Every structure is written in structure tokens, then in C-alpha cells.
Amino acid sequence: MHIVKGLVLALPLALWGVAASAAGDAEAGKAVFEAKCAECHYEDDFAGESTEEIVTMITSVKGGGVEHKGDASGLTDADIVNIATYWSSFK
Ligand code: HEC
């Protein structure tokens, strides 16, 4: 998580538009999570993080800014917000 906080400042402003309006569809996010992420992640891996924080993390992973074993390259902006909404629903 420390790496990510350092990255936040470097992220393009456009991302803040996505993050600021983050209110996705948790059901749709769950479907993408189960198809592409559940092989390695638990659904509550990011419990306690806000939707905005998770959007920022997934965007970093997708953009290659954070080293990542999984493949997040095919995610759309909507997928990212939806997964973040799903993940942030766990406390
Ligand atoms: C092949 C296994 C694998 C798959 C599939 C995978 N991940 Fe990951 N992910 C990891 C591992 C392992 C980490 C811990 C950091 C690392 O070593 O890559 C991680 C870390 C992360 C992080 C935190 C990065 C950070 O900043 O600390 C995010 C966000 C993430 N994954 C999102 C996703 C999403 C979204 C998907 C589905 C589209 C996904 N991952 C699929 C293995 C995977």
C-alpha cells in the first residue's frame, strides 16, 4: 500500500474524474472479479479501503505502475469502478 500512496501524485488528473464519481455496480464487479481475479484474490482482500482508493490501485495495476502477477489489462473503466465497488463493500 505504501508504494501506491507514492504513486497517487503521479497519476493523471483524468483518473480523479473516475475516482471522484466512483459508484459502480457491485454485482457486475463481482462477476468480473470471479472471472478474472478470484484465482488469486479473496473478495475481502481490500476490506476497509474506500472505493476511490481501490479504483486508484486497480488503475495503477492496469497501467503497469505497480508490479502485478495477474492480468488487469483488459479491464474497462466501468469494470474497475465495479470491482472497486464490490471489494469496498467488505468491511
Ligand atoms: C495470477 C494471480 C493474480 C490474478 C489473476 C490477479 N491478481 Fe491482483 N495481485 C496478485 C498478487 C500476487 C498481488 C500482490 C502484489 C504482487 O506481488 O503482484 C496482487 C495485488 C493486487 C492489487 C494491489 C496492488 C497494490 O498496489 O498493492 C490490486 C489492486 C490487484 N491485485 C487487482 C487485481 C484485479 C482487479 C484482478 C482481476 C482483474 C487481479 N488483481 C488479478 C495476483 C493476482
Side-chain angles (χ1 to χ4, degrees):
M1 299 309 159
H2 298 284
I3 306 166
V4 175
K5 289 217 168 121
L7 271 175
V8 165
L9 291 174
L11 289 171
L13 276 177
L15 174 60
W16 292 107
V18 178
S21 61
D25 178 340
E27 282 303 309
K30 181 178 184 211
V32 180
F33 162 78
E34 284 175 350
K36 298 189 169 176
C37 319
E39 178 191 340
C40 307
H41 288 281
Y42 291 101
E43 59 214 10
D44 60 353
D45 265 3
F46 299 92
E49 304 279 353
S50 71
T51 307
E52 289 78 6
E53 281 164 339
I54 300 172
V55 166
T56 302
M57 286 192 283
I58 300 175
T59 304
S60 303
V61 157
K62 180 188 169 185
V66 171
E67 213 175 303
H68 186 232
K69 279 197 166 66
D71 181 13
S73 62
L75 299 179
T76 64
D77 286 351
D79 288 338
I80 291 174
V81 174
N82 292 343
I83 296 171
T85 301
Y86 176 60
W87 272 345
S88 64
S89 67
F90 296 89
K91 300 297 168 198

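Bear in mind the structure is a predicted one, so any value in this text is a computation, not a measurement. Just follow the structure's listing: the first ligand is 1, and inside any ligand the first atom is 1.
- Counting heavy atoms from C-beta on, the side chains of V81 and T85 come closer than 4.5 Å.
- Ligand 1 lies less than 4.0 angstrom from a heavy atom belonging to W87.
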Working note: E53 + F46, criterion side-chain contact (heavy atoms from CB on, under 4.5 Å); need CA distance, chi angles, decisive distance, verdict. CA-CA 10 Å; E53 281 164 339; F46 299 92; over 6 Å; no
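- Less than 4.0 angstrom separates some heavy atom of C40 from each of these atoms of ligand 1: 1 (C), 2 (C), 3 (C), 4 (C), 5 (C), 42 (C), 43 (C).
- Contacts of F33 with ligand 1, taken as heavy-atom pairs under 4.0 Å, are absent altogether.
- When the ring-ring contact (aromatic ring centres under 6.0 Å, His included) test is applied to F90, the partners found at least two apart in sequence or on another chain are Y86.
- Only backbone heavy atoms of E67 (N, CA, C or O) come within less than 4.0 Å of ligand 1; its side chain stays farther off.
- Across the listed options A35, A84, C37, C37 owns the non-hydrogen atom lying nearest to atom 35 (C) of ligand 1.
- Counting the atoms of ligand 1 from 1 in the order shown, those under 4.0 Å from a heavy atom of K36 are 5 (C), 37 (C), 38 (C), 41 (C).
- Where the criterion is an N or O separation shorter than 3.5 Å, residue side chain and backbone included, K69 meets it with respect to ligand 1.
- Side chain of D25 to backbone of N82: no donor-acceptor contact under 3.5 angstrom is found.
- Taking the six-membered ring where the residue is Trp, W87 and F33 present perpendicular rings, their angle passing 60° and hence far from 30°.
- A 4.5 Å side-chain heavy-atom check between L75 and K36 finds at least one atom pair inside the cut-off.
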